[in-house]
Participant: 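Have a look at this one before I ask anything.
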Protein chains: 2
Amino acid sequence: MQDQPKKSDQDIDFGVLDEFLGYRLRRAQMNFFAKFGEVCEDLGISPGLFAVLAIVERNPGLTQTAVAQALGNDRSAMVAAVDKLESKNLLERRPAVNDRRSYALFLTAEGGRFFDNAVKRVSCYENEMAKCLDGDEEKQWLLNALERLANKSL
Amino acid sequence: MQDQPKKSDQDIDFGVLDEFLGYRLRRAQMNFFAKFGEVCEDLGISPGLFAVLAIVERNPGLTQTAVAQALGNDRSAMVAAVDKLESKNLLERRPAVNDRRSYALFLTAEGGRFFDNAVKRVSCYENEMAKCLDGDEEKQWLLNALERLANKSL
DNA sequence: TATTGTTATACTCTATAACTATA
DNA sequence: TATAGTTATAGAGTATAACAATA
């Protein structure tokens, strides 16, 4: 049945979607998450878990709620995330010194090594992805534009 | 308990996350989706459903699978999406002329009006968000950079 | 009263596999 | 045999509400 040639992906008219930052951001981000999954498959961590490790590594002793706020999600979501990282021996809950309600989070020694290795992986694929950009200048400009968009309110 | 001043969000060190396009893309996109939800709350459509309408409007007669491929997701996910849009009388499944396995998708008259209205809403908030960019020149450059990143393979 | 971690819960999004009817 | 739509299902991600312990 080839009477009417099928529209290939190239022939689709995306209309307004092509001019919408929201749609373009989503497509770009989906590609990055998919690539992250490929590159870190054997490490057993998602972009979300990687972000938790990154925050705790640079800000040891932070509470779960503080990490959640930094990453922009609910504190209830941190429970499963920290559980998972703790069960992998990458992260540690210690009793907070001045507040018996909360925990202070720290990377374990293994977690530190694991994170260093993960950063190498992610940096490697980030650099590969950034090859479609025009050098470090365009990348820095893009990072800056994305930060502005992430913080823009209506 | 204010012996040790709490780290505010501003004081958090994001480390490598600050230099990772993947993380920055996610934060920017989350902001856009949240704003989309606010602006289109009463319309009862998500960014995903809006995208389906946009594709069908510009490419009437496309099959469900073709729309799914255009948007980069699985055809099984289209069933619920088209069901929802059809139940709202915005979109119509018609039997395809040459293939009794597939449907051809079309906007209804109401769907056309609904979509025009939705485009106005979304364009309005898109323009508002784009005010943190340096004019149409930077926006066009950004759209172009995002397209490159969305299509980049390792 | 307010806050931390937690649990239960639910909702969305997404993908996989298998089924059916067609091709 | 291959494809379109469908179904069932499962996983991840995210959010809300309520609770106990603590501030």
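Nothing here was measured: the structure is a model prediction, and the numbers come from that model. Per chain, numbering begins at 1; letters A, B, ... match sequence-line order.
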Participant: Among pairs that include at least one residue of residues 86-97 of chain B, which meet salt bridge (Lys or Arg N to Asp or Glu O under 4.0 Å), considering only residues two or more places apart or in two chains?
Facilitator: B/D83-B/R93, B/E86-B/R93, B/E92-B/R94
Participant: Work out how much the helix from C/dT1-D/dA23 to C/dA23-D/dT1 bends between its end axes, five pairs an end, to the nearest 10 degrees.
Facilitator: 0°
Participant: Minimum heavy-atom separation for A/V56 to A/L105, with atom names?
Facilitator: CG1-O, 3.6 Å
Participant: Quickly work out the A/R26 CZ to C/dT12 C1' distance and round it to whole Å.
Facilitator: 12 Å
Participant: Would you kindly give the CD-to-C1' distance between A/Q64 and C/dT6, to the nearest whole Å?
Facilitator: 9 Å
Participant: Give a yes or no on whether the backbone of A/L146 and the side-chain of B/R24 come within a donor-acceptor separation of less than 3.5 Å.
Facilitator: no
Participant: Using ring pair (Phe, Tyr, Trp, His ring centres under 6.0 Å) as the criterion, list what pairs up with B/F114, not counting sequence neighbours.
Facilitator: none
Participant: Distance check needed: D/dA4 P versus B/L105 CG, whole Å only.
Facilitator: 13 Å
Participant: Write down the distance between CD (A/Q29) and P (D/dG13), rounded to a whole number of angstrom.
Facilitator: 12 Å
Participant: Without placing hydrogens or testing angles, list every side-chain donor-acceptor pair under 3.5 Å for residues 71-79 of chain A, not counting sequence neighbours.
Facilitator:
| from | atom 1 | to | atom 2 | distance (Å) |
| --- | --- | --- | --- | --- |
| A/D74 | OD2 | A/S76 | N | 2.9 |
| A/D74 | OD2 | A/S76 | OG | 2.8 |

Participant: Using the side-chain heavy atoms of B/T63, tell me which of these nucleotides is nearest: D/dA4, C/dT6, C/dG5.
Facilitator: D/dA4
Participant: What is the distance, rounded to the nearest whole Å, between atom CZ of A/F33 and atom C1' of D/dG11?
Facilitator: 16 Å
Participant: Contact list please: residues 79-89 of chain B against DNA chain C, heavy atoms, distance less than 4.0 Å, in numerical order.
Facilitator: none
Participant: Which parts of nucleotides 15-22 of chain C does protein reach within less than 4.0 Å, heavy atoms only, written one letter per nucleotide 5' to 3' as B for base, S for sugar-phosphate only and - for none?
Facilitator: BB----BB
Participant: Could you tell me the separation between the CD atom of A/Q69 and the C1' atom of C/dT4, rounded to a whole number of Å?
Facilitator: 11 Å
Participant: Between B/T65 and D/dG5, is there a side-chain N or O to OP1/OP2 distance below 4.0 Å?
Facilitator: yes
Participant: Measure the CZ-CD distance between A/F32 and A/E126 for me, rounded to the nearest 0.5 Å.
Facilitator: 5.0 Å
Participant: A/R26: what forms a salt bridge (Lys or Arg N to Asp or Glu O under 4.0 Å) with it, not counting sequence neighbours?
Facilitator: none
Participant: Please list all pairs passing the salt bridge (Lys or Arg N to Asp or Glu O under 4.0 Å) test where one or both residues lie in residues 102-114 of chain A, with sequence neighbours left out.
Facilitator: none
Participant: Hey, does the side chain of A/S102 come within less than 4.0 Å of C/dT3's phosphate (OP1/OP2), counting only N and O?
Facilitator: no
Participant: For A/N127, what residues pass the side-chain contact (heavy atoms from CB on, under 4.5 Å) criterion, not counting sequence neighbours?
Facilitator: A/K139
Participant: Can you check the A/L71 CG to D/dA15 C1' distance for me, whole Å?
Facilitator: 16 Å
Participant: In residues 40-47 of chain B, which residues come under 4.0 Å of DNA chain C by heavy atom?
Facilitator: B/S46
Participant: Is there a path of hydrophobic side-chain contacts, each under 4.5 Å between heavy atoms, that joins A/F14 and A/L21?
Facilitator: yes
Participant: Under the rule for side-chain contact (heavy atoms from CB on, under 4.5 Å), what residues qualify as partners of B/C132, not counting sequence neighbours?
Facilitator: A/R148, A/L149, A/K152
Participant: Round to a whole Å and report the spacing from CD of B/E38 to P of D/dA15.
Facilitator: 13 Å
Participant: Between A/R93 and C/dT4, is there a side-chain N or O to OP1/OP2 distance below 4.0 Å?
Facilitator: no
Participant: Using atom types as modelled, flag every donor-acceptor pair under 3.5 Å from a side chain in residues 33-43 of chain B to any protein atom, sequence neighbours excluded.
Facilitator:
| from | atom 1 | to | atom 2 | distance (Å) |
| --- | --- | --- | --- | --- |
| B/K35 | NZ | B/N31 | OD1 | 2.6 |
| B/D42 | OD1 | B/R121 | NH1 | 3.0 |
| B/D42 | OD2 | B/R121 | NH2 | 2.9 |

Participant: So B/F106 and B/L91, side chain to side chain contact (heavy atoms under 4.5 Å, CB included) or not? Walk me through it.
Facilitator: CA-CA 6 Å; B/F106 296 89; B/L91 186 146; over 6 Å; no
Participant: Examine the side chains of A/Q69 and A/Q64 and answer whether a donor and an acceptor come within less than 3.5 Å of each other.
Facilitator: no
